[in-house]
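Being a predicted model, the structure only gives us computed values, none of them experimental. Side-chain atoms are counted along with the backbone in the values below, which use heavy atoms only and exclude waters and symmetry mates.
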Amino acid sequence: MQAPSVGGVMLPRGNGQSVRLSRGASLTDFAEKIGANPASLVGVMMNLGEMVTATQSVSDETLRLLADEMNFVLEIVSPEEEDRELLESFDIEFGEDEGDEEDLVVRPPVVTVMGHVDHGKTRLLDTIRKTNVVAGEAGGITQHIGAYQVATVVNEEERRITFIDTPGHEAFTAMRARGAKSTDIAILVVAANDGVMPQTIEALNHAKAAGVPIVVAVNKIDVEGADPTKVRGQLTEFGLVAEEYGGDTMFVDISAKQGLNIEALLEAVVLTADASLDLRANPEQDAQGIAIESHLDKGRGAVATVLVQRGTLRVGDTMVVGDAYGRVRAMLDDKGENVEEAGPSTPVLVLGLTNVPGAGDNFLVVDEDRTARQIAEKRAARERNANFARRGVRFSLENLDEALKAGLVQELNLIIKGDASGSVEALESSLLQLDVGEEVDIRVLHRGVGAVTESDIDLATGSDAIVIGFNVRAAGRAAQMAEREGVDVRYYSVIYQAIEEIEAALKGMLKPEFEEVELGTAEIREVFRSSKLGNIAGVLVRSGEVKRNTKARLLRDGKVIAESLNISGLRRFKDDVTEIREGFEGGINLGNFNDIKVDDVIATYEMREKPRG
């Protein structure tokens, strides 16, 4: 059955047939799936009131609109599903151990430390790995994700534990959530003197959502007011019942500052892993895992910290990490020493990638450089199309439909550059969660790792965007170019300072709300006639003050006779004045309005902008 024609060209009718398209597909992609001419689909979109070119990446909503019009059922393929299909086309299975049961060996547990800000997460990791991270960091907050491996002795056997060090401030919710997904066990740090706080619950929910066992570290037991028993009681309400109370959650009382009971905490992690999890992996297969952090190093190029989850990664392997690829030139362990190979649950810094991958990107080892390049290029193209098609993300999702229909949406375009992909991702995620009302729309046009470049300024110029540099500056002529083009480039070294400033800017973008403020009232005692100025009211100011060029309304016997009048003239005796205060007499001219009588009241007011809350 044929659909109605467009420009004389008959179009296929779907009759409920399903069409699978990736996010950010174009009309050309749609046309190929249904055997139509792309130009005719452009015509259909024009009939629907949408101007779209044949090769332009379009949003999911636009594709659905077209599919509905032609009676097709549109199925948007998720990025994860698309990636799986892409890898299957190269005969690669991701996320599963290959080989038989006897090929699997025990691997170390991967642990993320979570908890409320200032409850001692960084100090605990600091104590565990005997290095000082805090001292060299702006704002005293962990700015980057790292990974470290430590050894402990349990039942006279050496056991290793890998720690993923995720930033602790509330701004990094997204990274903590992602950290939990690559994690086997979560350590929930709760200060014994503070007890359960909002972010403690938030962290707990992340761990539960990821389905990982939890070990509770009750920190600061050496501080005045510490009450570890109270912490146990509070967490019982959230389903974490201590072993001593008949539950299955291990609680360990520690002092990260004094180094008390740290070995007992590590032992609790190992025992929890042995009791709750089957942590085994095949070290003989090609390596697969996850990128924990990545950045651009001046001397070494793109470097990424990766966590091997299965297989063994070796120097010389060809790997794909997200949309980056390359041959592993060198690997460094958490102490900065060169290593030749890394087995399951081992974190290493990898050198040799073509570009900086995103934090949280999966990595895999492939046989040929050509295969790696093809996978990376297809992933990059998919991401680019999705970004082009993605409409701005609303702060207030509940009101998106009403705002769009009412035409109230305003956009703040952003370009985010940072020194590490984890920080950039966290900053973007935090900005998207800001709640500044219903009228503002945010769109991150581009985010990347490295200095602010001229191409960033070009993009900002063409799209009225603000550039945010996090621990990076403008490179080369980019700073002069930004100044010349009037592009606003803002630099930050502490992430929540950036969030606060952007939030303030967004509040400024909201349409101003005005309220009426009464200035003063004047009672008319006498009316003077002037051939040149019309009627002039001789008044006594009863309250407040009357100012020239403000708005006024005329009241007679308590009723409003006239609105939106203007105090165009104000005199005291023979002098022109700008204001007359309460208790003083003067003359008021209301411009062209002359219907005034004795005992009328002139009430003056002005409209003031209401500050946003």
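For the pair E545/E582, no side-chain contact is recorded, criterion being any heavy-atom separation below 4.5 Å from C-beta on. N355 places a side-chain heavy atom less than 4.5 Å from the side chain of D323. Between R447 and V444, the closest side-chain pair of non-hydrogen atoms falls below 4.5 Å. A 4.5 Å side-chain heavy-atom check between I536 and I588 finds every atom pair outside the cut-off. Contact annotation: the side chain of N219 never approaches that of L124 to less than 4.5 Å [non-hydrogen atoms, C-beta and beyond]. In this structure, I468 and Y492 have side chains that are in contact, with non-hydrogen atoms separated by less than 4.5 Å. Contact of the V190 side chain with the L188 side chain is registered, since non-hydrogen atoms from C-beta on lie closer than 4.5 Å. Using a 4.5 Å heavy-atom cutoff, the side chains of I567 and I602 are in contact.
By the side chain to side chain contact (heavy atoms under 4.5 Å, CB included) test, V577 pairs with L570, R572, I580, sequence neighbours left out.
Side chain of R525 to main chain of V539: no donor-acceptor pair is present (N/O by atom type, distance under 3.5 Å, no hydrogens or angles). Of the possible donor and acceptor atoms, one in the side chain of S568 sits under 3.5 Å from a partner among the backbone N and O of G591. N594 places a side-chain N or O within donor-acceptor distance of the main-chain N or O of N535, the cut-off being under 3.5 Å. Remark: the backbone N or O of T550 is not paired with any side-chain donor or acceptor of E606 at under 3.5 angstrom. S294 contributes no side-chain N or O that, together with a main-chain N or O of V356, makes up a donor-acceptor pair within less than 3.5 Å. No donor-acceptor distance shorter than 3.5 angstrom exists from the side chain of T62 to the backbone of V58, with no hydrogens or angles considered.
In summary, D488 and R490 engage in a salt bridge, as defined by a charged side-chain N under 4.0 Å from a carboxylate O. Taking the charged nitrogens against the carboxylate oxygens, R556 and D595 do have a contact shorter than 4.0 Å, which makes a salt bridge.
Heavy atoms only, all atoms of each residue included: A291 and G358 are closest at CB-O, 3.9 Å. Pairing each heavy atom of L74 with each of A67, the nearest pair is CB-CB, 3.8 Å.
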Would you give me the side-chain donor-acceptor pairs under 3.5 Å for residues 516-524, sequence neighbours excluded?
residue	atom	partner	partner atom	Å
E516	OE1	R553	NH2	3.1
E516	OE2	R553	NH1	3.1
T521	OG1	S543	OG	2.7
E523	OE1	R542	NE	2.8
E523	OE1	R542	NH2	2.8

